[in-house]
Number of protein chains: 2
Amino acid sequence: MTDLRNDEPELLTPHEVATLFGVDPKTVTRWARAGRLTAIRTLGGHRRYVGSEVRALIAPRTTPRVTARVSLGTE
Amino acid sequence: MTDLRNDEPELLTPHEVATLFGVDPKTVTRWARAGRLTAIRTLGGHRRYVGSEVRALIAPRTTPRVTARVSLGTE
DNA sequence: CCCTAATCGGGTAATTAGGGAG
DNA sequence: GGTGTCCTAATTACCCGATTAG
């Protein structure tokens with residue numbers, strides 16, 4: 001990681017993406033077919049997905065479990 | 001693959017969570033809508049719930065006294 | 001070269017989301 | 001106020017055999 005010029009994106013296998021989303025690898029393939037995911041094809045026809053793209057789509061919807069009430073709010 | 005870093009949360013389907021709680025999947029959906037459960041959305045709109053979160057809420061561990069009434073109703 | 005696991009395809013059942021009424 | 005059931009449309013999961021990845 002000491003390489004500042006790393007143009008190579010982190011590529012994930014369908015199985016990896018499926019695990020991240022909690023779905024079946026086939027479903028990930030369906031998303032790629034629908035154009036919802038950027039897919040890179042290997043010479044054999046298998047798909048590889050960009051890690052940054054996938055992680056951004058997972059939507060960090062972490063519940064705002066009331067950490068600290070921001071004051072000065074009209075509550 | 002000595003993968004010691006297993007950050008991937010175990011994601012459960014609505015049916016799984018409903019079975020664990022003994023309620024209907026619809027009710028689980030309502031909980032997610034109310035923000036009482038952390039939900040990850042698939043690209044198709046389906047929800048996946050974090051296993052650790054769910055298991056923590058079920059709390060098979062006899063909590064010290066006070067069955068903990070998880071209030072947090074401080075809205 | 002052979003091997004195991006994963007991913008291609010397509011097709012069909014099961015599940016889920018959403019709203020509405022009891 | 002919260003929950004279970006009914007409906008339709010959309011999405012997802014599992015089945016097969018063949019090919020690719022490593």
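This structure is a prediction, so every number in the text was calculated from the model and none was measured. Chain identifiers are assigned alphabetically (A, B, ...) following the order of the sequence lines, protein sequences preceding nucleic acid strands; residue numbering begins at 1 within each chain.
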Checklist entry - Closest nucleotide of DNA chain D for B:T27 versus for A:P25: which of these residues is on the 5' side? => result B:T27

Item to check | Residue whose nearest DNA chain D nucleotide is more 5′ - A:R36 or A:G45 | outcome: A:R36

Checklist outcome for this item: A:E53 meets the salt bridge (Lys or Arg N to Asp or Glu O under 4.0 Å) criterion, sequence neighbours left out, with none

Establish, with yes or no, whether the OP1 or OP2 oxygen of [N] is under 4.0 angstrom from a side-chain nitrogen or oxygen of [X].
{"X": "A:W31", "N": "D:dT11", "result": "no"}
{"X": "A:T42", "N": "D:dT20", "result": "no"}
{"X": "A:R33", "N": "D:dT12", "result": "no"}

Within this structure, what is the [atom1]-to-[atom2] distance between [X] and [N], rounded to whole angstrom?
{"X": "B:R41", "N": "C:dT16", "atom1": "CZ", "atom2": "P", "answer": "13 Å"}
{"X": "B:I40", "N": "C:dA17", "atom1": "CD1", "atom2": "P", "answer": "14 Å"}
{"X": "B:L11", "N": "C:dT16", "atom1": "CG", "atom2": "C1'", "answer": "16 Å"}
{"X": "A:L37", "N": "D:dT12", "atom1": "CG", "atom2": "C1'", "answer": "15 Å"}

Item to check | side chain to side chain contact (heavy atoms under 4.5 Å, CB included) evaluation trace for A:T19 with B:L11 | outcome: CA-CA 8 Å; A:T19 304; B:L11 299 179; over 6 Å; no

Checklist entry - Do B:R48 and A:V23 pass the side chain to side chain contact (heavy atoms under 4.5 Å, CB included) test, and can you show the C-alpha distance, the side-chain angles, and the key distance before you say yes or no? => result CA-CA 9 Å; B:R48 294 285 119 99; A:V23 296; 3.3 Å; yes

Checklist entry - Do A:L57 and A:V50 belong to the same hydrophobic cluster, where Ile, Leu, Val, Met, Phe, Trp and Tyr are linked whenever their side-chain heavy atoms lie under 4.5 Å apart, directly or via other members? => result no

Would you give me the side-chain donor-acceptor pairs under 3.5 Å for residues 32-40 of chain A, sequence neighbours excluded?
from	atom 1	to	atom 2	distance (Å)
A:R36	NH1	B:L43	O	3.1

Item to check | Range-with-range stems of DNA chain C (Watson-Crick or G-U pairs under 3.5 Å, three or more in a row) | outcome: C:3-19 with D:6-22

Distances for protein N/O vs nucleotides 13-15 of chain C N/O pairs under 3.5 angstrom?
none

Checklist outcome for this item: Among C:dC8, C:dT16, D:dG4, the one nearest any side-chain atom of A:R47 is C:dC8

Checklist entry - Any ring-ring contact (aromatic ring centres under 6.0 Å, His included) pairs touching residues 26-58 of chain A, not counting sequence neighbours? => result A:F21-A:W31

Between the protein and nucleotides 14-17 of chain D, are there any N/O to N/O pairs under 3.5 Å, and if so, what are the atom names and distances?
from	atom 1	to	atom 2	distance (Å)
D:dC15	N4	A:K26	NZ	3.4

